[in-house]
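Working notes, beginning with the structure itself.
One is the number of the first residue; the rest follow in order along the sequence.
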Amino acid sequence: QVQLVESGGGLVQAGESLRLSCAASGRTFSSYPMGWFRQAPGKEREFVAAISWNGGRTMYAESVKGRFTISRDNAKNTVYLQTNSLKPEDTAVYYCNAEGTINLSGRYYPGLYWGQGIQVTVSS
């Protein structure tokens, strides 16, 4: 059974940082792009960041560019999202996604596998 388990979320104040982790089990994703999405209350799920299979390409939503960094450790089957300078508008449930695709324009299309989500709350 494939599982993606997110961790590292929580409640922080504006300007602080969190490091989200997504550990995969039941399947190896080292050959596939992976990504992060988020969903705020009353809003649709939106793309946050993605990374190619070897980490050579990364892409970000404009709203997080320069503040968030995605990385991966294929030996651990884990992808990370370092979130710095957090803002109240970053408050959302963050979801890990695996086995997506990246087109030539650098857009990430989510794959079949999703984590259960983890809450990030940023207070002002």
Is a side-chain N or O of [X] found less than 3.5 angstrom from the main chain of [Y], in a donor-acceptor match?
X: Ser31; Y: Phe29; answer: no
X: Arg57; Y: Pro33; answer: no
X: Asp90; Y: Lys87; answer: yes

How about Arg27: does its CZ atom have over 12 heavy atoms from other parts shown lying under 6.0 Å from it? yes
May I ask you to check whether over 12 heavy atoms, not counting those of Trp53, lie within 6.0 Å of atom CH2? no
Indicate whether any N or O donor in one side chain lies under 3.5 Å from an N or O acceptor in the other, for Thr121 and Gln119. yes
Would you call the rings of Phe37 and Tyr108 parallel, tilted or perpendicular if under 30° counts as parallel and over 60° as perpendicular? tilted
Taking all atoms of both residues into account, what is the closest heavy-atom pair of Arg67 and Ser85, and its distance? NH1-O, 2.9 Å
Reported SG-to-CH2 distance for the pair Cys22 and Trp36, which is rounded to 0.5 angstrom: 5.0 Å
If you measure from OG1 on Thr69 to CG on Asn84, what distance do you get to the nearest 0.5 Å? 6.5 Å
Centre-to-centre under 6.0 Å for Phe47 and Tyr60, is that the case here? no
Would you check if Tyr32 and Ile102 make a side-chain contact, meaning some heavy-atom pair closer than 4.5 Å? no
